[in-house]
There are 2 protein chains.
Amino acid sequence: MKVSTPLAERFPDAVFAAGCPSRTVLDHVMSKWGLLVLLSLGDGEPLRWSELRRRAEGVSEKMLAQTLRTLVADGFVLRDARPVVPPHVEYSLTPRGLELAALLNPLMVWVVDNAPEILEDAASA
Amino acid sequence: MKVSTPLAERFPDAVFAAGCPSRTVLDHVMSKWGLLVLLSLGDGEPLRWSELRRRAEGVSEKMLAQTLRTLVADGFVLRDARPVVPPHVEYSLTPRGLELAALLNPLMVWVVDNAPEILEDAASA
DNA sequence: AGTGGGTACTAACCAACGGGAAGTATGCCG
DNA sequence: CGGCATACTTCCCGTTGGTTAGTACCCACT
């Protein structure tokens, strides 16, 4: 009983190779904070540093800086720094980031819908 | 410019709360090995321990055991152990696991399709 | 004139988590 | 009787992430 098998066609040997470039991208994107940042930016509105800190509740400043740096390097996020004082920096999704966020969104919706039930099962196990 | 906003409706304050149950589920499911195991099982076929080790290339035995334990506790994976010698254990997705895998699949497809280009950008940055 | 505060980070330290290799239980087969 | 096969568990150590503090800059207030 198959659900949808485009993956199986791409991986004829059914193995996710260790050296595959997707591993690196997966690590960046599916990381705890990377996911939350992408989702926070997901509605397309640019956000500032402090706003991101508030949305991804619990993120440390170090982790936010690090996460943003890799997301910018990967071309998911655009960093727009205005040379004013006090500093004003806006972060927004690139087209590539928007594509990814569109995939992440339904997943997050499913997780928040099912999380309580799942944790209940886990607790009683 | 919005892509799809069911999430915004569920989070009126646009904040992903630190204590939200979804955080725990996200940590389990989006973890490096959790993701690969779910995807490996994604075609619905039950797999044995050694087969999972081969598909999620690079996973250590310790991490595979740990990952499977949390996925079973969360009700994503079914563990079917036959009391024979040598031991024979089969892992398969529960209906809940199948739902999740169906969401994870398109994401993984996108990532493998775009990973080379993304890493190229990251390298030249 | 000085001092405190807000913004966007960086640096140093430390605990915790993940990875590697080896050990364990059980029975069959040579 | 000893090695092998499967499915794990245990121990040790390195990397990773978290916490706290510090930096640079200028404005506003006293």
Side-chain angles (χ1 to χ4, degrees), chain A residues 16-20 23-38 40-41 45-74 77-92 125, chain B residues 16-20 23-38 40-41 45-74 77-92 125:
Chain A
F16 301 108
C20 180
R23 289 288 184 102
T24 309
V25 176
L26 243 24
D27 280 352
H28 295 175
V29 157
M30 308 298 266
S31 74
K32 182 172 179 177
W33 302 119
L35 185 70
L36 256 22
V37 167
L38 253 4
S40 296
L41 256 10
E45 298 296 316
L47 294 179
R48 302 185 59 183
W49 172 273
S50 49
E51 184 61 18
L52 281 170
R53 279 216 71 189
R54 213 164 327 118
R55 299 216 187 184
E57 199 182 287
V59 69
S60 69
E61 303 203 327
K62 174 188 153 188
M63 277 300 104
L64 181 55
Q66 198 175 105
T67 302
L68 283 171
R69 240 181 289 126
T70 69
L71 291 179
V72 168
D74 287 347
V77 169
L78 184 72
R79 181 179 186 276
D80 176 23
R82 324 259 175 90
V84 297
V85 174
H88 186 101
V89 184
E90 288 193 345
Y91 296 94
S92 55
Chain B
F16 300 108
C20 179
R23 289 287 184 102
T24 308
V25 176
L26 242 25
D27 280 352
H28 296 175
V29 157
M30 309 298 266
S31 75
K32 183 172 178 177
W33 302 120
L35 186 69
L36 256 23
V37 167
L38 253 4
S40 296
L41 256 10
E45 297 298 316
L47 294 179
R48 302 185 60 183
W49 171 274
S50 50
E51 184 60 19
L52 280 170
R53 281 216 68 187
R54 213 165 326 121
R55 300 217 186 184
E57 200 182 285
V59 69
S60 69
E61 304 203 327
K62 173 188 154 186
M63 277 299 104
L64 181 55
Q66 200 174 106
T67 303
L68 284 171
R69 241 180 289 128
T70 69
L71 291 180
V72 168
D74 287 347
V77 170
L78 185 72
R79 182 178 185 275
D80 176 24
R82 324 260 175 90
V84 296
V85 175
H88 186 100
V89 184
E90 287 192 347
Y91 295 94
S92 56

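Chain naming here is simple, since letters A, B, ... match the order of the sequence lines and numbering starts at 1 in each. Hydrogens, waters and symmetry mates play no part in the numbers below; they use all other heavy atoms, side chains included.
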Self-check item: Residues that B/Arg53 engages under side chain to side chain donor-acceptor pair (under 3.5 Å), provided they are two or more places apart
Solution: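 Scan of B/Arg53 (side chain to side chain donor-acceptor pair (under 3.5 Å), adjacent residues dropped) gives B/Glu61.
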
Value in whole Å for how far the [atom2] atom of [N] lies from [atom1] of [X]:
X       : N      : atom1 : atom2 : value
B/Leu47 : D/dT6  : CG    : P     : 15 Å
B/Asp27 : C/dG18 : CG    : P     : 10 Å
B/Leu68 : D/dT9  : CG    : C1'   : 14 Å
A/Arg54 : C/dA8  : CZ    : C1'   : 14 Å
B/Trp49 : C/dT24 : CH2   : C1'   : 14 Å
B/Glu57 : C/dG19 : CD    : P     : 14 Å
B/His88 : C/dC28 : NE2   : C1'   : 17 Å

Practice problem: Would you confirm whether B/Glu57, through its side chain, and A/Ala18, through its main-chain N or O, come within 3.5 Å as a donor-acceptor pair? | Solution: yes

Quiz item: Looking at C/dT10, C/dA8, D/dA7, which one has an atom nearest to any side-chain atom of A/Ala65?
Solution: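 From the listed options, C/dT10 comes nearest.
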
Within a strict 4.5 Å, meaning less than it, do heavy atoms of the [X] and [Y] side chains meet?
X       : Y       : answer
A/Val25 : A/Asp74 : no
B/Leu41 : B/Leu71 : no
B/Arg79 : B/Val89 : yes
B/Asp80 : B/Ser92 : no
A/Lys32 : B/Asp27 : yes

Between [X] and [N], is there a side-chain N or O to OP1/OP2 distance below 4.0 Å?
X       : N     : answer
A/Arg48 : C/dA8 : yes
A/Arg82 : C/dA8 : no
B/Arg69 : D/dT9 : yes

Exercise. Treat primed atoms plus P, OP1 and OP2 as sugar-phosphate and everything else as base, then score nucleotides 12-27 of chain D 5' to 3': B for base contact with protein heavy atoms under 4.0 Å, S for sugar-phosphate contact only, - for none.
Key: -----BBB------S-

